[in-house]
Structures are given as structure tokens and as C-alpha cells.
Amino acid sequence: MLLVDRETMQNIDSYAINEIKIPSLCLVERAALSVMENINLDIRHSFALIVSCGNNGADGLALARNLLALSKDCDIYIIGNKNKASKDFIINYNACKNLTKNIYSIETIEDMNFLRKNLDRVNTIVDGIFGTGLNRPVSGIYANIIDLINEKNIYTISIDLPSGFDANGENNYGTYVDSDLIVCMQILKKGLYEDNYFKDKTVVCDIGLPQIAIEKFINI
Ligand SMILES: NC(=O)C1=CN([C@@H]2O[C@H](COP(=O)(O)OP(=O)(O)OC[C@H]3O[C@@H](n4cnc5c(N)ncnc54)[C@H](O)[C@@H]3O)[C@@H](O)[C@H]2O)[C@@H](O)CC1
Ligand SMILES: [K+]
């Protein structure tokens, strides 16, 4: 079983994008579609996609865009400063803006109360808050939203990692999403493999990172 730690995954991503010149937007799109392949769209009809402004969020918005293209009912909730968002996030955000008006920023207590109420109208939550970019304890609005997700008894899919959970399984960053399904990109993160609770809830999906990028950093 091939395993990867956070730093090595970031090196592989960067090498594929910056040296092999694979457009990162293609990887984001493959990530989004790999999540979609793991959703039973016959029973999952309404979605709350909760994202922050990095590429885990970009994956989430690309998924939202694809679900909206299928006329699925999607509410999008954005945490953090969109002005500091990744370029892949912005590209997908600009498309989603033209596909739905149900896009909400979550910043204040009032926003949190709206989210708490509005989550009850969906049967699926998609967690695109943090992936391999998580590098410090979760606090403030991020912790509040993760706790709110866990309060709700709604089927929750996490993109790449449960947000708040350390990819290396070494750091306790506080609260993290109690995912029902984790769709992990390309290589199983070692923290998930070593966690008996999450290991069996994880599927690993190829997103098109070539072997030469992987073998540059991992002895296979
Ligand atoms: N271009 C790429 O590297 C690709 C990344 N992908 C996705 O992007 C993820 C990595 O994206 P990013 O590196 O943008 O990072 P994330 O989207 O995981 O995190 C977003 C940002 O949150 C900040 N952050 C970290 N810990 C925090 C905390 N405790 N509280 C508040 N903010 C915190 C960091 O600045 C980080 O950049 C992967 O897990 C995967 O889902 C995939 O789409 C494949 C391509
Ligand atoms: K996540």
C-alpha cells in the first residue's frame, strides 16, 4: 500500500504542475470528478458545499459546478477571504456565480445561525475546507463550522482529508470533520491509513499525477 506524508504530497503536486506543466486546474477538475463518481446521485439530491479559499476549496467549487450542471440543488458556503483565494478557486467561483445565487460567505455569528438552519434542507454535506494545506491548529470560525458539521446528522463527504485532520497523523490540530466518506487524491495519506476510524471510510482516486512525478519523491 503506497502511503504519502503531507510534505511529499505537496512536492509531488508542485513538481507535476511546475516541472511537468500539468495545469493545476486539470488536477482540480479530476479531483472534483473523482468525488462525484463516489456520490450516488439517485439518492443524493441536495448539497451543502462548505469550502475555504485554497485548492481543497477549489476542488469543492469544481464539484459544485459539475453538480449544478446536472441541475442538482447546491448551496455553497465560503469561509475565509476570497481576495486571497487560489486562482483555481477563483476560476470555479466565477462559474458557480453564474449558475446559482445560493452562494454565502460565513463570517459572523448571524452567518453561523443561517448555516445551522439552512443545513437542514440538504441530505449531503461536502467538506472542502482543508486538505494537505492544513498546517496549524483549527480555531475561530473554522472550528465553529467543523463542530456544526459534526452536530448535524447529515451524510458528509470530505475532499482529500477530513478538514482539521493532520495528513501525517502526527499533530492534533483540535476539532476535525467526522466524515462518512473521504475521497483521497491519488495517494493514501499516511495519517488516514494509520487511523482505524477513517481508514475504512477512505477511497483513493487517481487524479492524473504521473508516475514519474510520484517516483521522483517516493521509492516504489
Ligand atoms: N494544485 C495542487 O496542489 C492541487 C491540490 N489539490 C487539492 O488542494 C489541497 C491543497 O490545497 P492548498 O495547499 O491550497 O491548501 P488547503 O486548501 O488544504 O488549505 C487552504 C489554506 O488554509 C490555510 N490554513 C492551513 N491551516 C489552517 C488553519 N488551521 N486555520 C486557517 N487556515 C489554515 C493555509 O494557508 C492553506 O493554504 C489538497 O488537499 C487537494 O484537495 C488537488 O486539487 C490536486 C492539485
Ligand atoms: K477536506
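Counting from 1, the numbers follow the sequence of the chain as shown. As the structure lists them, so they are numbered: ligands from 1, and atoms in each ligand from 1. Hydrogens, waters and symmetry mates play no part in the numbers below; they use all other heavy atoms, side chains included.
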Evaluate the criterion salt bridge (charged side-chain N to carboxylate O under 4.0 Å, His left out) for residue pair Glu29 and Arg65; output intermediate values, then yes/no. CA-CA 10 Å; Glu29 191 70 10; Arg65 200 194 76 243; 2.6 Å; yes
Would you say the side-chain atoms of Arg6 pair up with the backbone N or O of Asn168, donor to acceptor, closer than 3.5 Å? no
Examine distances only and state if a side-chain atom of Lys190 and a backbone atom of Leu188 form a donor-acceptor pair shorter than 3.5 Å. no
Can you see whether Thr108 engages Asp111 through a side-chain donor-acceptor pair at a distance of less than 3.5 angstrom?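 On atom types as modelled, these side chains qualify, holding a pair under 3.5 Å.
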Distance-only side-chain donor-acceptor flag, Thr156 / Asp127, under 3.5 Å: no
Angle subtended at the K ion (ligand 2) by OD1 of Asp127 and O of Leu161, to 10 degrees? 110°
I need the OD1(Asn56)-the K ion (ligand 2)-OG(Ser163) angle, rounded to 10 degrees.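 That angle is 100°.
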Would you check ligand 1 and list the protein residues that come within less than 4.0 Å of it by any heavy atom, ordered by chain and number?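 These residues qualify: Asp13, Ile17, Ser24, Leu27, Val28, Gly54, Asn55, Asn56, Asp59, Phe130, Gly131, Thr132, Gly133, Leu134, Asn135, Arg136, Pro137, Val138, Tyr142, Asp160, Ile207.
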Exercise: identify the closest heavy-atom pair between Ile90 and Lys82: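 In terms of heavy atoms, the two residues are closest at CD1-O, 3.7 Å.
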Between Arg116 and Lys152, which heavy-atom pair has the shortest distance, and what is it? O-NZ, 2.7 Å
Is the distance from the K ion (ligand 2) to some N, O or S atom of Gly60 under 3.4 Å?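 Within the cut-off used here (under 3.4 Å), Gly60 places no N, O or S atom near the K ion (ligand 2).
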Any N/O/S atom, side chain or main chain, of Ile159 closer to the K ion (ligand 2) than 3.4 Å? yes
Between Arg30 and Asp206, is there a salt bridge with N-O shorter than 4.0 Å? yes
